[in-house]
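Bear in mind that the values here come from a model prediction, so they are computed numbers and not experimental data.
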Amino acid sequence: MSEPTSHRILVVDDEPDITALVAYHLAKAGYRVATAPNGRDALRAAREERPDLVVLDLMLPGVSGYDVLGELRRRDETKDIGVILLTARKEEPDRIKGLALGADDYLPKPFSPQELVLRVGAVLRRLGAPAVAAGGLVTAGPVTVDRSAHRVTVDGAEVELTATEFRLLHTLIEREGRVQSRAQLLETVWRAQPDIQTRTVDMHVQRLRHKLGKAGDYIKTVRGAGYRFRRPDARARKRPPA
């Protein structure tokens, strides 16, 4: 099923065959597609074209995909653009680095064009989803989530989160104490189908914990199950007299 043609996608890759393949399948799915062969052209196109999403190859000549991603996230006018990384690198640290810089998803080469189209649609649905219900604050220990202002503070200090990180934290706090599987989080936070399994959830949780500082310890890993937000039980810390 085609996405609305109002969505504009920028495809950045220095291999013409891959660029043409990706652009063909995205256009066939109903997207408006622009292309760029290198990092400098990609940054210029992102500022001028204002795409909804960038499909970004990491191995670019000159300005690397990492540099492009970092610059996109630094600038106010491009920081909310969706980014899916394409990478021929198999090493996990390379993928973690990309997600830590703010990518929304990644896809290793060689990839299925149909899967790429599905992932583009999933990211766009998440980015275009209505903001969480306004009205009131959600507080869990030192963490406060202001749903109307889309703002998070820890002990009164504001924490800069991406839209994905905000939705992830809000979901975990809203369901505090309940284990959320990766499939559940993919459906709720990423608007993805459960069968699209990636390490995206794990890497975003890792980045969210880091940004929350000590409060990140409240996000617990439940081995073989998923994650849950759980504050330390004050009563558990009170030891009965000997």
Side-chain angles (χ1 to χ4, degrees), residues 7-27 31-113 115-124 126-127 160-165 168 190 192 196 198-211:
H7 285 136
R8 185 187 298 272
I9 313 297
L10 174 63
V11 179
V12 185
D13 201 302
D14 64 327
E15 297 184 54
D17 290 347
I18 292 180
T19 301
L21 179 68
V22 172
Y24 169 78
H25 283 277
L26 289 172
Y31 297 109
R32 291 186 291 167
V33 183
T35 64
N38 57 61
R40 288 188 177 83
D41 287 351
L43 289 171
R44 181 168 59 250
R47 291 192 296 268
E48 295 175 357
E49 301 286 340
R50 299 294 180 89
D52 298 291
L53 184 141
V54 178
V55 176
L56 177 63
D57 181 38
L58 284 178
M59 302 296 289
L60 296 173
V63 180
S64 74
Y66 291 125
D67 294 331
V68 172
L69 176 57
E71 187 65 18
L72 289 175
R73 291 297 180 245
R74 276 192 292 271
R75 292 178 174 271
D76 287 340
E77 66 268 30
T78 58
K79 66 180 182 180
D80 294 325
I81 293 174
V83 176
I84 295 179
L85 299 178
L86 297 180
T87 174
R89 293 177 171 178
K90 304 299 183 183
E91 294 80 8
E92 185 174 283
D94 293 317
R95 300 193 294 270
I96 291 175
K97 179 180 178 181
L99 291 170
L101 285 171
D104 295 280
D105 202 352
Y106 70 87
L107 194 59
K109 294 180 179 179
F111 58 88
S112 159
E115 182 179 1
L116 175 60
V117 171
L118 287 174
R119 290 186 186 231
V120 166
V123 171
L124 289 173
R126 177 182 59 75
L127 295 176
E160 291 290 335
L161 299 182
T162 65
T164 301
E165 292 163 354
L168 177 59
W190 280 264
I196 305 178
T198 73
R199 291 293 306 280
T200 298
V201 175
D202 299 330
M203 294 174 187
H204 275 79
V205 167
Q206 179 181 340
R207 189 172 67 201
L208 179 58
R209 281 173 172 157
H210 176 74
K211 289 188 175 183

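Atoms CG and OG, from Asn38 and Ser64 in turn, are 12.0 Å apart once rounded to the nearest 0.5 Å. In this structure, the separation between CG on Leu85 and CG on Leu58 is 5.0 Å, given to the nearest 0.5 Å. Taking CZ from Phe111 and CD1 from Ile84, the interatomic distance works out to 10.5 Å, rounded to the nearest 0.5 Å.
In terms of the side chain to side chain donor-acceptor pair (under 3.5 Å) criterion, Arg50 has no residue partners (sequence neighbours excluded). Listed by chain and number, the residues in a side chain to side chain donor-acceptor pair (under 3.5 Å) with Arg47 amount to none (sequence neighbours excluded). Here Arg44 pairs with Asp41 under the salt bridge (charged side-chain N to carboxylate O under 4.0 Å, His left out) rule; sequence neighbours left out. The side chain to side chain donor-acceptor pair (under 3.5 Å) test applied to Gln206 returns no partner, not counting sequence neighbours.
Looking at heavy atoms from C-beta onward, Leu53 lies in side-chain contact with Leu124 at the 4.5 angstrom threshold. Two residues are said to be in side-chain contact when any heavy atoms from C-beta on lie closer than 4.5 Å; Val54 and Val12 meet this criterion. Looking at heavy atoms from C-beta onward, His25 lies out of side-chain contact with Leu116 at the 4.5 angstrom threshold.
The two residues Pro51 and Ala45 have their closest heavy-atom pair at CD-O, 4.2 Å. When all heavy atoms are compared, the tightest approach of Leu10 to Ala42 is CD2-O, 3.7 Å. Residues Val120 and Leu26 share a closest heavy-atom pair of CG2-CD2, 4.0 Å. Contact between Leu21 and Pro113 at its shortest, heavy atoms only, is CD2-CG, 3.9 Å. Counting all heavy atoms, side chain and backbone alike, Thr35 lies closest to Ala23 at CG2-CB, 4.3 Å. Across all their heavy atoms, Val117 and Tyr31 have their closest contact at O-OH, 4.5 Å.
For CZ of Arg40, the number of neighbouring non-hydrogen atoms (other residues, nucleotides, ligands) closer than 6.0 Å is 12 at most.
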Run the side-chain donor-acceptor check on residues 75-82: report pairs under 3.5 Å with partners two or more places apart or on a different chain.
residue, atom, partner, partner atom, Å
Arg75, NE, Glu71, OE2, 2.7
Arg75, NH2, Glu71, OE2, 3.3
Thr78, OG1, Leu72, O, 2.7

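Looking at Arg8 and Glu49, a side-chain N of the basic residue comes within less than 4.0 Å of a carboxylate O on the acidic one, giving a salt bridge.
Judged by distance alone, the side chains of Asp13 and Thr19 never bring a donor and an acceptor atom under 3.5 Å apart.
Of the options Thr200, Asp105, Asp104, a side chain to side chain donor-acceptor pair (under 3.5 Å) to Arg119 is made by Asp105 and by none of the others.
Formation of a donor-acceptor pair under 3.5 Å by the Lys211 side chain with backbone atoms of Leu161 is not found in this model.
Each salt bridge (charged side-chain N to carboxylate O under 4.0 Å, His left out) pair with one or both residues in residues 51-65, not counting sequence neighbours, appears once here: Asp57-Lys109.
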